[in-house]
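Just so you know, these numbers come straight off a predicted model, no measurement behind them. Ligands are counted one by one from 1 in listed order, and the atoms in each one are counted from 1 as well.
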Amino acid sequence: MVRDQIDRIGVVGAGTMGSGIAQVAATHGYDVVLRDIEQEFVENGFDTIDDSLGRLENRDALEEDPERIRDRIDGTTAIDELADCDLVVEAALEEMDVKREIFADLERACGEDVVLATNTSTLSITSIASDLERPERVIGLHFMNPVPIMEGVEVVVGEKTTDDVTKLAHEIAEDLEKTTWESDDKPGFVTNRILMPWINEGIRAYDEGVATKEDIDAGMELGTNVPMGPLTLADHIGLDICLHASETLHEELGDRYKPAYLLKRKVEAGDLGKKTGEGFYEYD
Ligand SMILES: NC(=O)c1ccc[n+]([C@@H]2O[C@H](COP(=O)([O-])OP(=O)(O)OC[C@H]3O[C@@H](n4cnc5c(N)ncnc54)[C@H](O)[C@@H]3O)[C@@H](O)[C@H]2O)c1
C-alpha cells in the first residue's frame, strides 16, 4: 500500500508544475514541503495554489476547505527541510546541469529510502541520475499541465530504476487520482516525442503565412478534435519549456526535431506565453 510507504512529499520548484503537484498531493491528504530558491518564488507558488483551490471550490470540486488543504503545505528555500520526505518530485528548470545538482543535493539531504522523481519533459532519467550513489531510486513522474485538471501521468523508467520504484510511482500517481502509462527512457518519452514536432510545425505554418494563428488553432481543434491548437498549447506550456524540449529532441534525434525559428525568437524576446502575459496571444 502506497500510504504505508509515503506520508510526506517534497516538491522542488514552485513554478507552474511544482505548485500544481504540491496542490494535488495536499488535496489527497499528503503533507507537502514545497521548495524554491527564493522566498518570492515560494510565495508565487502559494498564490497559484490559492487561485486554483479557489476556482475548484467555486465549482464544488473540493471535499475539504481550501485552507485545510493549504495548511498541509510548508514552503521553504532550504533543501534540508526535505530531509523527512518519502518521495521528492523535482519540477525545476528543464536544464540537465540544474537537475543533476538538485538530485545530488537531494541525495545528501534525504534518507536512504527516499524515492526521487523528476517531472522532466524530455531529459534522460538515466543521465539525471548518473552521478548519484543510488540511481536505482530515481524515476520520471511526468505530470501534465495544469496538474490539478489533467488526468494523465507518464511514468518514465530509467536504465537503473528498480521495479519496486516503478511500481510505487504508478501507485502514488493513482492515489492522486491520476491515470498512468509507462515509457522507456528514450528522448521525449511518448508524449513530447510526438507533441513537440506538432507544436513546431504549427509555429512554422504560422510563420510561413499558411493561415492566421487563430485559424491554425481552429483547424487543429475542429479538424482533429484536440482541445487546444498548437499555438494556444505552446503559450500554455511556456515557450521556453517548448524550446528546451525541442532543443533536447533535436540534439538526440536529429533534424526532424529542429525548433521553429519563431519559437526561438519569441523566447529571446522574453515572450514566454501565458506566464509572462504574451506569447502567440496576449493574456491579462
Ligand atoms: N510547463 C509545462 O507545461 C510542463 C509540463 C510537464 C513537465 N514540465 C517540466 O516541469 C519542470 C518545471 O516546469 P515549469 O513549467 O513548472 O517551470 P517554471 O519556470 O514555471 O518553474 C520552475 C521553478 O523552478 C525554480 N527553480 C529553479 N532552480 C531551482 C532549484 N535549484 N531548486 C528549486 N527550485 C528551482 C524556479 O525558481 C521556478 O520557480 C520542467 O522540467 C519542465 O520541463 C513542464
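- Dense packing is recorded around CD of Gln39, with more than 12 heavy atoms of other residues, nucleotides or ligands lying under 6.0 Å away.
- Residue, atom and distance of the protein heavy atom nearest to atom 38 (C) of ligand 1 are Asp36 OD2, 3.5 Å.
- Near Val12, meaning under 4.0 Å from one of its heavy atoms, ligand 1 places the atoms 32 (N), 33 (C).
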Residues Lys99, Glu94; criterion salt bridge (charged side-chain N to carboxylate O under 4.0 Å, His left out); working and verdict: CA-CA 7 Å; Lys99 292 201 191 290; Glu94 186 70 350; 3.7 Å; yes
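- The shortest N/O to N/O separation between Thr120 and ligand 1 does not fall below 3.5 Å.
- No more than 12 heavy atoms of other residues, nucleotides or ligands shown are found within 6.0 angstrom of CZ on Arg68.
- Heavy-atom distances between Lys99 and ligand 1 reach below 4.0 Å in at least one pair.
- Glu154 and Ser183 are not linked by any side-chain donor-acceptor pair at a separation below 3.5 angstrom, with hydrogens and angles left out of the test.
- Under 4.0 Å from ligand 1, the heavy atoms of Ile241 that appear belong solely to its side chain.
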Show me the donor-acceptor pairs within less than 3.5 Å that the side chains of residues 254-261 make with the rest of the protein, sequence neighbours left out.
from	atom 1	to	atom 2	distance (Å)
Asp255	OD1	His250	NE2	2.9
Tyr257	OH	Arg193	O	3.1

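- Residue Leu93 has at least one heavy-atom neighbour below 4.0 Å for each of these atoms of ligand 1: 27 (C).
- The distance from ligand 1 to the heavy atoms of Ile102 drops below 4.0 Å at these ligand atoms: 30 (C), 31 (N), 32 (N).
- Under 3.5 Å, the side chains of Glu90 and Thr118 contain a donor-acceptor pair of N or O atoms.
- When only non-hydrogen protein atoms are considered, atom 10 (O) of ligand 1 lies nearest to Asn119 ND2, 3.0 Å.
- Residue Glu159 places its CD atom among 12 or fewer non-hydrogen atoms of other residues, nucleotides or ligands, all under 6.0 Å distant.
- Crowding of Lys275 atom NZ: a count of heavy atoms from other residues, nucleotides or ligands under 6.0 Å exceeding 12.
- A salt bridge does not link Glu171 to Arg3: none of the charged nitrogens lies less than 4.0 Å from a carboxylate oxygen.
- Considering backbone and side-chain atoms together, Ile237 places an N or O closer than 3.5 Å to an N or O of ligand 1.
- A donor-acceptor pair under 3.5 Å is absent between the side-chain atoms of Asp74 and the main chain of Val33, judged by distance alone.
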Test salt bridge (charged side-chain N to carboxylate O under 4.0 Å, His left out) applied to Glu64 and Arg72, step by step: CA-CA 12 Å; Glu64 266 185 313; Arg72 289 197 195 100; 2.7 Å; yes
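- For atom 32 (N) of ligand 1, the nearest non-hydrogen atom of the protein is Arg35 NH1, 3.2 Å.
- In terms of polar-atom proximity, defined here as any N/O pair under 3.5 Å, Glu90 makes no such contact with ligand 1.
- Environment of CG in Asp4: crowded, with over 12 heavy atoms of neighbouring residues, nucleotides or ligands closer than 6.0 Å.
- Here is the list of ligand 1 atoms found below 4.0 Å of a heavy atom in Glu94: 40 (C), 41 (O), 42 (C), 43 (O).
- Closest to atom 21 (O) of ligand 1, if we only count protein heavy atoms, is Gly15 CA, 3.3 Å.
- Shown in contact with Phe41 at under 4.0 Å from a heavy atom are these atoms of ligand 1, numbered in order with element: 37 (O).
- Annotation: atom 24 (O) of ligand 1 to nearest protein heavy atom, Ala92 CA, 3.4 Å.
- Sequence neighbours left out, the pairs with a member in residues 204-233 that pass side-chain hydrogen bond (donor to acceptor under 3.5 Å, both in side chains) are Glu201-Arg204, Asp217-Thr232, Asp217-Tyr281.
- Against a heavy-atom cut-off of under 4.0 Å, Ser121 is close to the following atoms of ligand 1: 6 (C), 7 (C), 8 (N), 9 (C), 42 (C), 43 (O), 44 (C).
- For ligand 1, the atoms lying closer than 4.0 Å to a non-hydrogen atom of His142 are 6 (C), 7 (C).
- Distances below 4.0 Å separate heavy atoms of Asn145 from the following atoms of ligand 1: 1 (N), 2 (C), 3 (O).
- Among the atoms of Met17, some N or O lies under 3.5 angstrom from an N or O of ligand 1.
- For atom 19 (O) of ligand 1, the nearest protein heavy atom (residue, atom name, distance) is Lys275 NZ, 3.9 Å.
- Compare Thr77, Thr16, Leu34 by their heavy atoms: the one nearest to atom 18 (P) of ligand 1 is in Thr16.
- Residue contacts with ligand 1 include Ala91, since one or more of its heavy atoms lies under 4.0 Å from the ligand.
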